[in-house]
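After the structure tokens below, expect a handful of questions from me.
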Amino acid sequence: MLKRLEVKNFTVFSHAEINWSRGLNVIVGENGTGKSQLMRLAYAVSYVGSRFLHAPRQDKVALQREIANKLVAVCKPEALGRLVSRQQGRNRCEVKIDLVESLSRGFAFRFATNSLEVKVSRPFLVKPHMAGPVFFPSHEMLSMFPGFISLYDEHHLEFDETYYDLAKALDSPAKKRHPQDVVLLIEELEKLIEGHIVLDNGRFYLVAPSRGKLEASLLAEGVRKLATLTFLLRNGSLSNKGTLFWDEPETNLNPKLIRSLAAALFTLGRHGFQIVLATHSLFLLREIRILAEASKKRKERSPAACFIGISKDLDQQSVTVVSSESLEDIHPLVLLDEDIEQTERYLQEG
């Protein structure tokens, strides 16, 4: 799980420092403000951190290689140095990451405009049970899954590695036993998709009592997304104390499903799953806020939701990052501004 992330001169971020909630984290901002790149950076370092159970000095070279390779594979620049903020002359990116499971302070690394590798300045130690992260890209994977892993292994594809990682996470059979709270959540999700998802001979199917066995490609994309979440809970790839990154989960979901999805994600956060979302949906934001406020009123002992707003600076060359437990503290909240402006135009025309 992420605890703290500080970056300097990473893509459009001249400087940003985020303290992450152990529960639900929601990133909002205009297009071009770096939401997806910030998520991909956080995912890449979490991914590497979860696989280096210990990093003594003799493993420093391997750690540096892993970080550089993962950043390039996930962010898809032509070269590692392209991730450094643009300015005249040479520049250097610095990243510091603290993980909840870390036995030490975490780790830090840097790389310059002309770098081919990163330099780790603060190695780390983590507990052996640290759960790995899962990343949901904005496009679903179930319909693309057949043959995707072998194709990605053997050929150059213009998919970033989050798709490959998700395919590998899906390529595992369901577990026989789950904690009771996970069982209840799976049951709720299966009510939404009106069946249960199965992996059969390299393909995904929805087994529905009323419709029989349906290929994943015949399902609505929104249903495929929820089915993916359900299956990863079933096979344990998404587990307690792990982090789920989800880029624009609202894509191709109707408001009813968005409301149900918000409730499911909030429930995951309450039961030890860390969630990091990037969204353009004001509807989803409001649902999360409603759930967070209701949880406070019930005095539930659960992690607070964290809202992370990214806005362009006046020079339009860099961005400002503000995080808060209150949605109202995120200024300017472009989604709300546009919603109000549209409402005014609608009333004027009516």
Assess the residue pair Leu142 and Leu170 against the criterion (side-chain contact (heavy atoms from CB on, under 4.5 Å)); give the C-alpha distance rounded to whole Å, side-chain angles, the decisive distance to 0.1 Å, and a yes or no. CA-CA 9 Å; Leu142 286 192; Leu170 286 165; 4.0 Å; yes

Students often mix this up, so state it plainly: with edges at 30° and 60°, are the rings of Trp246 and Phe136 parallel, tilted or perpendicular?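 Answer is perpendicular, since the angle exceeds 60°.
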
State the CD-CD1 distance between Glu188 and Ile193, to the nearest 0.5 angstrom.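 Those atoms lie 12.0 Å apart.
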
Minimum side-chain heavy-atom gap Pro133-Ser50 below 4.5 Å: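 Result yes, sub-4.5 Å side-chain heavy-atom pair found.
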
Please state whether the rings of Phe13 and Phe10 are parallel, tilted or perpendicular, taking 30° and 60° as the class boundaries.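 Answer is parallel, since the angle falls under 30°.
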
Taking all heavy atoms of Ala305 and all of Ala292, pick out the closest pair and write down the distance.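 Shortest heavy-atom separation between Ala305 and Ala292 comes out as CB-CB, 4.2 Å.
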
Within-4.5 Å side-chain heavy-atom neighbours: Val95 and Glu6: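 Side chain of Val95 against side chain of Glu6, heavy atoms only: no contact under 4.5 Å found.
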
Using only atom types and a distance under 3.5 Å, with no angle test, would you say the side chain of Ser239 pairs donor to acceptor with the backbone of Gly242?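 The answer is no, because no donor-acceptor pair under 3.5 Å joins these two groups.
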
Taking NZ, NE, NH1 and NH2 as the nitrogens, is one of them in Lys225 or Glu248 under 4.0 Å from a carboxylate oxygen of the other?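 So Lys225 does not pair with Glu248 through a salt bridge.
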
If you round to the nearest 0.5 Å, how far is CG of Leu226 from CG of Leu253?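 Reported to 0.5 Å precision, the distance equals 5.5 Å.
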
Decide yes or no for Ile310 and Thr320: does some side-chain heavy atom of the first lie under 4.5 Å from some side-chain heavy atom of the second?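 With C-beta onward as the side chain, the pair stays apart.
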
Check whether more than 12 heavy atoms from other residues, nucleotides or ligands sit under 6.0 Å from atom NZ of Lys175, and answer yes or no.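 Check fails, neighbour count at 12 or below.
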
Test of understanding: clusters of I, L, V, M, F, W, Y form through side-chain heavy atoms closer than 4.5 Å, transitively. Do Leu199 and Leu151 belong to the same one?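 In one cluster with Leu199: Leu151, yes.
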
Could you tell me whether Arg92 and Glu94 make a salt bridge, using a distance below 4.0 angstrom between a side-chain N and a carboxylate O?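 Here Arg92 pairs with Glu94 in a salt bridge, since their nearest N and O are under 4.0 Å apart.
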
With Phe307 as reference, evaluate Val28, Ile288, Leu24 under the side-chain contact (heavy atoms from CB on, under 4.5 Å) test and give the passing residue.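 Per the side-chain contact (heavy atoms from CB on, under 4.5 Å) rule, the option paired with Phe307 is Ile288, out of Val28, Ile288, Leu24.
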
Common cluster, Leu206/Val198, ILVMFWY with side-chain heavy-atom separation under 4.5 Å: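 Shared cluster, no.
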
State, with a plain yes or no, whether a side-chain heavy atom of Val26 is found less than 4.5 Å away from one of Thr279.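 A side-chain contact exists here, since the closest heavy-atom pair is under 4.5 Å.
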
Mind listing the closest non-hydrogen atom pair of Ala68 and Leu80 along with its distance?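 Between these two residues, the closest heavy atoms are CB-CD2, 4.2 Å.
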
Okay, side chain of Arg224, backbone of Leu219: is any donor-acceptor separation there less than 3.5 Å?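 Side chain of Arg224 to backbone of Leu219: a pair is present.
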
Indicate if Ile197 and Tyr205 have the same hydrophobic cluster label, given that clusters are the connected sets of ILVMFWY residues with side-chain heavy-atom separations under 4.5 angstrom.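 The answer is no; the residues belong to distinct hydrophobic clusters.
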
Would you say Leu157 ends up clustered with Met141 if hydrophobic residues are merged whenever their side chains have heavy atoms under 4.5 Å apart, either directly or through other cluster members?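 Yes; tracing contacts between hydrophobic side chains, which count when under 4.5 Å, links both residues.
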
Side chains of Leu166 and Pro137 in contact at under 4.5 Å (non-hydrogen atoms):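 Contact flag for Leu166/Pro137 side chains = yes.
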
If you round to the nearest 0.5 Å, how far is OH of Tyr163 from CD of Glu158?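 Taking CD in Glu158 and OH in Tyr163, the distance rounds to 12.0 Å.
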
Taking the basic N atoms (NZ, or NE/NH1/NH2) and the acidic carboxylate oxygens, is any pair closer than 4.0 Å for Lys35 and Asp247?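 A salt bridge is absent here (no side-chain N lies under 4.0 Å from a carboxylate O).
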
Do any N or O atoms from the side chain of Asn25 and from the backbone of Ser21 form a donor-acceptor pair under 3.5 angstrom?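 Judged by distance alone, yes, a pair lies under 3.5 Å.
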
Glu140 side, atom CD; Glu221 side, atom CD - distance, nearest 0.5 Å: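 Interatomic distance, Glu140 CD to Glu221 CD, rounded to 0.5 Å: 5.0 Å.
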
Show your reasoning for whether salt bridge (Lys or Arg N to Asp or Glu O under 4.0 Å) applies to Lys70 and Glu161. CA-CA 8 Å; Lys70 198 63 182 178; Glu161 202 163 87; 2.7 Å; yes

With no hydrogens and no angle check, is any side-chain donor or acceptor of Asn114 less than 3.5 Å from a backbone partner on Gly81?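 No; zero donor-acceptor contacts below 3.5 Å.
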
Say whether, by atom type as modelled, one donor and one acceptor occur between the side chain of Gln180 and the main chain of Val183 under 3.5 angstrom.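 No, Gln180 side chain to Val183 backbone: no donor-acceptor pair under 3.5 Å.
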
Show the numbers, then the answer: is there a side-chain contact (heavy atoms from CB on, under 4.5 Å) between Leu229 and Leu189? CA-CA 8 Å; Leu229 178 59; Leu189 289 170; 4.1 Å; yes

His178, NE2: over 12 other non-hydrogen atoms inside 6.0 angstrom: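 Yes, enclosed.
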
Glu154 atom CD, over 12 foreign heavy atoms within 6.0 Å: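 Yes, CD of Glu154 has more than 12 neighbouring heavy atoms, counting only those of other groups under 6.0 Å.
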
Cys75 SG to Asp160 CG distance, which is reported to the nearest 0.5 Å: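 Between atom SG of Cys75 and atom CG of Asp160 there are 8.5 Å.
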
Step by step, would you call Arg65 with Glu117 a salt bridge (Lys or Arg N to Asp or Glu O under 4.0 Å)? CA-CA 7 Å; Arg65 186 187 311 114; Glu117 60 183 22; over 6 Å; no

Could you check whether any side-chain N or O of Gln64 sits under 3.5 Å from a backbone N or O of Val120, counting only pairs where one atom can act as donor and the other as acceptor?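 Yes.
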
Looking at Tyr164, Phe159, Phe204, which hits ring-ring contact (aromatic ring centres under 6.0 Å, His included) with Phe148?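 Going through Tyr164, Phe159, Phe204 one by one, the ring-ring contact (aromatic ring centres under 6.0 Å, His included) with Phe148 is satisfied by Phe159 alone.
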
side-chain hydrogen bond (donor to acceptor under 3.5 Å, both in side chains), that's the test. Do Asn91 and Thr113 meet it? Break it down for me. CA-CA 6 Å; Asn91 199 9; Thr113 309; 5.8 Å; no

Supply the atom-to-atom distance Asn240 CG to Leu268 CG, rounded to the nearest 0.5 angstrom.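 Going from CG on Asn240 over to CG on Leu268, the span is 10.0 Å.
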
Can you give me the closest heavy-atom contact between Ala278 and Glu250, atom names plus distance?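 Taking Ala278 first and Glu250 second, the nearest heavy atoms are O-OE1, 4.5 Å.
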
Nearest heavy-atom neighbours spanning Ala174 and Phe231: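 Heavy-atom minimum between the residues: N-CZ, 4.4 Å.
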
Please check: side-chain N/O of Glu30 versus main-chain N/O of Ser311, any donor-acceptor pairing under 3.5 Å?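 No: the side chain of Glu30 does not pair with the backbone of Ser311.
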
Tell me whether Ser115 contacts the main-chain N or O of Ala112 through its side chain, where contact means a donor paired with an acceptor under 3.5 Å.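 It does hold such a pair.
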
Side-chain contact, heavy-atom cut-off 4.5 Å: Thr251 with His139?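 No, their side chains stay 4.5 Å or more apart.
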
Please tell me whether Leu285 and Phe283 are part of a single hydrophobic cluster in this structure, the criterion being side-chain heavy atoms less than 4.5 Å apart.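 Cluster IDs for Leu285 and Phe283 match.
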
For Arg86, I'd like to know if atom CZ has over 12 heavy atoms of other residues, nucleotides or ligands within 6.0 Å.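 More than 12 within 6.0 Å, yes.
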
Locate the shortest heavy-atom distance separating Gly202 from Phe145; write the atom from each residue and the value.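 In terms of heavy atoms, the two residues are closest at O-CD2, 3.5 Å.
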
Leu233 backbone acceptor or donor facing Ser237 side chain under 3.5 Å: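 Looks like no, no N/O pair under 3.5 Å.
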
State whether the side chain of Asn235 and the backbone N or O of Ala169 hold a donor-acceptor pair below 3.5 Å, judged by distance alone.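 Between the backbone of Ala169 and the side chain of Asn235 there is a qualifying donor-acceptor contact (under 3.5 Å).
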
Quick one, Leu38 and Leu5 - any side-chain contact, counting heavy atoms below 4.5 Å?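 When only atoms from C-beta onward are counted, Leu5 and Leu38 do touch, with a gap below 4.5 Å.
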
For Thr11 versus Ser85, what's the shortest heavy-atom pair and its separation?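 Here Thr11 and Ser85 meet closest at O-OG, 2.6 Å.
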
Any side-chain heavy atom of Ile67 within less than 4.5 Å of one from Asn69?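 Answer no - side chains too far apart.
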
Please tell me whether Asn9 and His15 have a donor and an acceptor in their side chains that are separated by less than 3.5 angstrom.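 Note: Asn9 and His15 side chains miss the donor-acceptor criterion.
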
Count the heavy atoms belonging to other residues, nucleotides or ligands that lie under 6.0 Å from CG of Leu116, then report whether that count exceeds 12.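 No - once you tally the heavy atoms of other residues, nucleotides and ligands closer than 6.0 Å, there are 12 at most.
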
Consider side-chain contact (heavy atoms from CB on, under 4.5 Å). Of Thr243, Leu244, Val276, Asp165, which one does Tyr43 pass it with?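 Answer to the side-chain contact (heavy atoms from CB on, under 4.5 Å) test with Tyr43 among Thr243, Leu244, Val276, Asp165: Asp165.
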
Check ion pair Glu215-Arg203 (N to O, under 4.0 angstrom):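 A salt bridge is absent here (no side-chain N lies under 4.0 Å from a carboxylate O).
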
So does Asp200 pair up with Lys213, basic N to acidic O under 4.0 Å?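 Between Lys213 and Asp200 there is a salt bridge, with a charged N closer than 4.0 Å to a carboxylate O.
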
